[in-house]
Amino acid sequence: MNSCTLHPGELACDRLGLIEIEDRTGARAWTCEDHAIRAIWTIDGARIVRDLRTERTGAGR
């Protein structure tokens, strides 16, 4: 599983990175829900490219 890596200037986030964010340069980072929301609000051109909360795991197949 991914760790949340989007927390510049803050203490390390210990939550799982379930949402992948991309900025306008194409740089990507895995983030927790809180940091994903902050990224969308504060990083110019940021968008969600993948959300593991909404993907099927394939369990039970």
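Please read these numbers as outputs of a predicted model, since none were measured by experiment. Start at 1 with the first residue, then count along the sequence.
For Glu20, there are no side-chain hydrogen bond (donor to acceptor under 3.5 Å, both in side chains) partners at least two apart in sequence or on another chain. Under the side-chain hydrogen bond (donor to acceptor under 3.5 Å, both in side chains) criterion, Thr42 pairs with no residue at all, not counting sequence neighbours. Residues meeting the side chain to side chain contact (heavy atoms under 4.5 Å, CB included) test with Arg15, sequence neighbours left out: Cys13, Cys32, Glu33, Asp34. Residues meeting the side chain to side chain contact (heavy atoms under 4.5 Å, CB included) test with Arg24, sequence neighbours left out: Asp44. Remark: Ile40 pairs with Ile21, Ala46, Ile48 by the side chain to side chain contact (heavy atoms under 4.5 Å, CB included) rule, at least two apart or across chains. Take Asp51 and apply the salt bridge (Lys or Arg N to Asp or Glu O under 4.0 Å) test, not counting sequence neighbours, and it matches Arg53.
Distance check, rounded to the nearest 0.5 Å: CG of Leu16 to OG of Ser3 gives 7.0 Å.
The shortest non-hydrogen separation linking Gly17 to Leu52 is O-CD1, 4.3 Å.
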